[in-house]
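For reference, the structure is listed below as structure tokens.
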Amino acid sequence: MSTNHDMTAIPLPATVIELRKLSDDTTLFRLRLDDAIAARRLKVIPGQFVQLSVPAGGEVPISLAALPGEDGALELCVRRVGHVTALLHTLAPGAGVAIRGPYGNGFPVTDWRGKNVLLLAGGLGIAPLRSLLHFLLRHRSDFGEITLMYGAREPAAILFKEELSELSGRRDMHLFLTVDFVSEEPPGGLVCHTGLLPGLLSGVNFTTENTVAALCGPPALYRCVVEELQGFGFPADSIFLSLERRMKCGVGLCCHCAIGELFCCTDGPVFRYADLRGVEGAL
Ligand SMILES: Cc1cc2nc3c(=O)[nH]c(=O)nc-3n(C[C@H](O)[C@H](O)[C@H](O)COP(=O)(O)OP(=O)(O)OC[C@H]3O[C@@H](n4cnc5c(N)ncnc54)[C@H](O)[C@@H]3O)c2cc1C
């Protein structure tokens with residue numbers, strides 16, 4: 001699969017075309033590049049990210065939460081945590097932003113043909129895994145069993161509830177949800193377990209043979225989920241982790257996102273666990 005090296009260096013103007021509030025602090029932004037030719041040429045590997053510039057704010061790395069739509073729209077699922085993301089949340093449809101990228105390696109989906117795929121998302125980690133799931137479902141016959149396990153803090157923090165309701169009705173994939181604690185009924189008739197994601201792994205049935213696992217979530221999640229997966233017999237090179245680091249340039253120049261000798265931006269953000277074992281501070 002080719003990336004868009006020719007178009008990645010310069011921020012391209014884009015317009016916010018739609019906003020969808022997903023939870024108290026998280027919104028899905030649909031954007032379209034202003035240059036229709038650039039929009040059509042954009043190639044995305046699930047798991048890649050863009051550098052998003054918000055005027056008078058700055059630039060932040062954000063995962064592509066979907067493959068580009070037929071209308072060339074890009075979807076970014078953004079949590080309001082600080083300066084730039086707060087400013088982004090004040091924008092309305094029609095506002096101008098800019099985008100560099102896509103950057104990073106993404107998930108090696110072409111190597112996964114014929115395999116079962118287990119997606120494990122914690123909280124906002126659903127964002128890059130959503131684009132992966134879209135890819136797998138778009139190429140459904142190329143893959144074996146597809147299972148999504150998604151853990152959120154509480155029912156109100158579950159992102160993409162309507163989509164999850166639809167997915168729960170599909171017969172060609174398995175969906176398991178869990179919340180740390182139940183403050184209210186899960187919305188949209190979603191069936192939810194209670195407890196942490198590693199607990200969900202040991203509590204439900206899924207195929208481990210010929211299976212790859214893709215994991216994204218808060219830092220605390222990685223070590224315990226990897227341990228669980230290894231306990232189930234997953235080899236270290238079948239576990240793929242999408243990592244987050246403070247990042248500046250996004251193209252391997254500034255070293256802000258170094259993980260040992262690796263760069264999160266260019267060697268990642270998706271890493272095989274086998275390549276991170278022994279790298280200090282990786283997990
Ligand atoms: C490859 C990659 C993909 C990402 N994808 C998404 C996404 O899809 N959606 C999303 O909402 N966020 C995503 N992030 C995180 C996002 O880039 C940060 O939340 C953002 O840069 C914060 O900018 P700010 O100016 O709003 O916050 P700041 O004012 O810079 O910081 C606010 C707080 O957030 C912490 N913080 C800032 N950046 C990071 C970071 N990269 N990792 C961990 N903590 C951080 C700071 O330490 C501080 O506590 C991604 C990061 C990376 C590296």
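These numbers come from a predicted model, not from an experiment. Count residues from 1 along the sequence.
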(request) State whether the number of non-hydrogen atoms from other residues, nucleotides or ligands found under 6.0 Å of Asp71 atom CG is greater than 12. (result)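 Enclosed: over 12 neighbouring heavy atoms sit under 6.0 Å from CG of Asp71.
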(message) Would you say that Leu243 contacts Leu276 through its side chain, given a criterion of any heavy-atom pair below 4.5 Å between the two side chains?
(response) yes
Is the shortest side-chain N to carboxylate O distance from [X] to [Y] below 4.0 Å?
{"X": "Arg140", "Y": "Asp172", "result": "yes"}
{"X": "Arg130", "Y": "Glu75", "result": "yes"}
{"X": "Arg79", "Y": "Asp25", "result": "yes"}
{"X": "Arg277", "Y": "Asp237", "result": "no"}
{"X": "Glu163", "Y": "Arg20", "result": "yes"}

(message) Using 0.5 Å steps for rounding, measure from the SG atom of Cys192 to the CG atom of Leu177.
(response) 4.5 Å
For the side chain of [X] and the backbone of [Y], is there at least one donor-acceptor N/O pair under 3.5 Å apart?
{"X": "Asp267", "Y": "Phe263", "value": "yes"}
{"X": "Thr211", "Y": "Glu209", "value": "yes"}
{"X": "Thr178", "Y": "His193", "value": "yes"}
{"X": "Arg100", "Y": "Cys249", "value": "yes"}
{"X": "Asn105", "Y": "Val270", "value": "yes"}
{"X": "His139", "Y": "Val109", "value": "no"}
{"X": "Ser202", "Y": "Gly199", "value": "yes"}
{"X": "Gln51", "Y": "Glu59", "value": "no"}
{"X": "Lys161", "Y": "Leu164", "value": "no"}

(message) Could you check whether Phe135 and Trp112 have their ring centres less than 6.0 Å apart?
(response)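 Between Phe135 and Trp112, which both carry aromatic rings, the centre distance is not below 6.0 Å.
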(request) For a side chain to side chain contact (heavy atoms under 4.5 Å, CB included) with Phe176, tell me which candidate from Leu197, Thr147, Leu148, Val191 qualifies. (result)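 When Leu197, Thr147, Leu148, Val191 are each tested with Phe176, the side chain to side chain contact (heavy atoms under 4.5 Å, CB included) holds only for Thr147.
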(message) Applying the side chain to side chain contact (heavy atoms under 4.5 Å, CB included) criterion to Gln48, which one of Pro269, Pro102, Pro128 satisfies it?
(response) Pro102
